[in-house]
Amino acid sequence: MAMPLSDPHRIDSAAVLGWYDRHARDLPWRVAPADRQRGVRPDPYRVWLSEVMLQQTTVAAVRKYFLRFTDLWPEVADLAAAPLDAVLREWAGLGYYARARNLHACAQAVVREHGGAFPTSSAELQRLPGIGAYTGAAIAAICFDEQIAVLDGNLDRVLARYYALDVPVREAKEDLRAALQASVPERAGDFAQAMMDLGATICAPRVASCLVCPLQPDCAAARAGEALLYPVKPEKTERPVRRGHAFVMTDAAGDVYLQSRPHKGLLAGMTEVPNSDWGVEPDGPAFPLDADWRHRGQVVHVFTHFRLELEVWSARVDGAMLDGGWWSEPAALKGEALPTLFRKVLARAGLD
DNA sequence: AAATCGGGGTC
DNA sequence: GACCCAGATTT
């Protein structure tokens, strides 16, 4: 494809909407197209909550978190009034924890600065914490039918195929956005959700069901029988390995020693067991105190930009001199703000 | 523009 | 294992 997209072929939005009316996914935060046509409007709070949870996260992973959050906090004012600690505990395991902090800050801003009602335009929404170009457009389109391009990872793939884009999406993002913008119909919310459903079901990463796709016959990649060649991948960088040690301490009552991570950086503000720095070179264990330490094996955890290998040690430490943390009963571990990494560590030490 | 920031579903 | 997901924010 010639760059930029000087005169991009319009997407047949009527065909896409017709497909959506028959094949829309049933999701807890969604108002079905038939209900929308009858005038039912989505709840901006629920749409916003789902969109933040869905950032770089699959529908399958989000579902139970969404149900739990809306059960605990049915309206934005409920979430705004909740302690941040409670929000972090409930978010534990979902990842990208800055989202949980921004979520809480955003709820408070909506209550304090907008009278408890979400702004209705993408531009205003993007001024709120944790709402960027995608999320602002998605909320504005889905809730208020703002005719704006909603471009997520699904759309990157669908459009890269539709236009047979011969460079990585990152290099043509704004061109794709302009092309999509020119195709947005009046039913902007349904169109946005339709295109995402299309990407999630028909135009999937490893399977392209072109024969039943409403974008036929306009899709350039499908015409050439080469849908899976797109999107063109950027060069991938290899993932470095970091190594360290984690120390699981229990007292006479069987309680486990926990502490909070720093409020900035990786897993910010979440709960952990004491552990070493994570270095490139293997390092000897610097035990936090003198005890009968036993090696319990290794935990491997893969983050976005490195792979972590932690040696797990445990010891019984009665009347230990420790500062800054707290002792948690094993039965209470489930409710702690423990990210998956440290749940793996505790499981390795026999405390799951 | 590039780096940082998690974890799981799925092949 | 590798890929990638309804991305945002910081550097």
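Naming convention: chains lettered A, B, ... in sequence-line order (proteins, then strands); numbering from 1 in each chain.
A donor-acceptor contact under 3.5 Å is formed by the side chain of A:R25 with the base of C:dA6. At a cut-off of 3.5 angstrom, the base of B:dG6 holds at least one donor-acceptor pair with the side chain of A:T57. With hydrogens and angles ignored, a donor-acceptor pair closer than 3.5 Å exists between the side chain of A:Y96 and the base of B:dG6. Remark: the A:T304 side chain and the B:dG6 base include a donor-acceptor N/O pair separated by less than 3.5 Å.
Within the nucleic acid shown, A:L155 has no heavy atom closer than 4.0 Å to any nucleic acid atom. Nucleic acid contact for A:R343: none, since no nucleic acid atom lies under 4.0 Å from a heavy atom of the residue. Residue-level contact check: A:S50 touches neither bases nor backbone, having no heavy atom under 4.0 Å from any strand. Among the atoms of the strands shown, base atoms are found under 4.0 Å from some heavy atom of A:W29. Contacts of A:A133 with the nucleic acid, taken as non-hydrogen atoms under 4.0 Å apart, involve only primed sugar atoms and P, OP1 or OP2.
Between A:R30 and A:Q193, the side chains place a donor N or O and an acceptor N or O closer than 3.5 Å (distance only, hydrogens not considered). If you check the side chains of A:Y134 and A:E51, you find a donor sitting under 3.5 Å from an acceptor.
You'll find the side chain of A:L310 stays beyond 4.5 Å of the side chain of A:K344, heavy atoms only. A:V212 is not listed as a side-chain neighbour of A:H23, based on a closest heavy-atom distance of 4.5 Å or more.
When distances run from any side-chain atom of A:D152 to the nucleotides B:dG7, C:dA6, C:dC5, the shortest one goes to C:dA6. The A:A60 side chain lies nearest to B:dG9 when the options are B:dG9, C:dA6, C:dA8. Each of C:dA6, B:dG7, C:dA8 was ranked by its minimum atom distance to the side chain of A:F303; first place goes to B:dG7. Across B:dC5, C:dA6, C:dG7, the shortest atom-to-atom separation from the side chain of A:Q55 is found for C:dG7. Nearest to the side chain of A:L27, among B:dG6, C:dC5, C:dA6, sits C:dA6.
Contact check, A:R307 against C:dG1: a side-chain N or O comes under 4.0 Å of OP1 or OP2. Phosphate proximity of C:dG7 to A:Q56: present, with a side-chain N or O under 4.0 Å from OP1 or OP2. Side-chain nitrogen and oxygen atoms of A:H301 include at least one within less than 4.0 Å of the OP1 or OP2 phosphate oxygen of B:dG7. Dashed line: the shortest gap from a side-chain N or O of A:K236 to OP1 or OP2 of C:dA2 is not under 4.0 Å.
The two residues A:F118 and A:C106 have their closest heavy-atom pair at CE2-SG, 4.5 Å. The two residues A:V59 and A:W29 have their closest heavy-atom pair at CG1-CH2, 4.2 Å.
The distance between atom CZ of A:R99 and atom P of C:dA6, rounded to the nearest whole Å, is 12 Å. Put simply, CG on A:L267 is 6 Å from P on B:dG7, counting in whole angstrom units. The CG atom of A:L310 sits 15 Å away from the P atom of B:dG6 (whole-angstrom rounding). Look at OH on A:Y134: it is 12 Å from P on C:dC5, rounded to the nearest Å. When rounded to the nearest whole Å, the span between CG of A:L88 and P of B:dG7 equals 13 Å.
Toward the 5' end of DNA chain B, the nearer of the two residues A:A61 and A:T237, judged by each one's closest nucleotide, is A:T237. Residue whose closest nucleotide on DNA chain B sits further toward the 5' end, between A:R170 and A:G93: A:R170. Judged by closest nucleotide on DNA chain C, A:T58 is the one of A:G136 and A:T58 placed further toward the 5' end.
The stretch residues 190-211 of chain A touches DNA chain C through A:M196, A:P205, A:R206, each having a heavy atom within less than 4.0 Å of the strand.
Spacing between C:dC4 and B:dC5 at atom C1', rounded to whole Å, works out to 16 Å. Comparing the P positions of C:dT11 and B:dG6 gives an interatomic distance of 15 Å, to the nearest angstrom. B:dC11 and C:dA6 have their P atoms separated by 14 Å, with the value rounded to a whole Å.
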Going through the checks in order, is the side chain to side chain donor-acceptor pair (under 3.5 Å) test met by A:Q147 and A:E186?
CA-CA 7 Å; A:Q147 294 187 41; A:E186 277 190 31; 5.7 Å; no
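Cluster membership for A:Y97 and A:V345, using ILVMFWY side-chain heavy atoms within less than 4.5 angstrom, is shared. Linking ILVMFWY residues whenever their side-chain heavy atoms come closer than 4.5 Å, directly or via other members, leaves A:Y96 and A:L128 in distinct clusters.
Using modelled atom types, no side-chain atom of A:T135 and backbone atom of A:G132 make a donor-acceptor pair closer than 3.5 Å.
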Give me, pair by pair, the N or O atoms of the protein and of nucleotides 9-11 of chain C that are less than 3.5 Å apart, along with how far apart they are.
from  : atom 1 : to     : atom 2 : distance (Å)
C:dT9 : OP1    : A:G130 : N      : 2.4

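The side-chain hydrogen bond (donor to acceptor under 3.5 Å, both in side chains) with A:Q298 is formed by just one residue from the set A:R243, A:E311, A:H245; it is A:E311.
Ring centroids of A:F303 and A:H301 are separated by less than 6.0 Å, placing the two rings close together.
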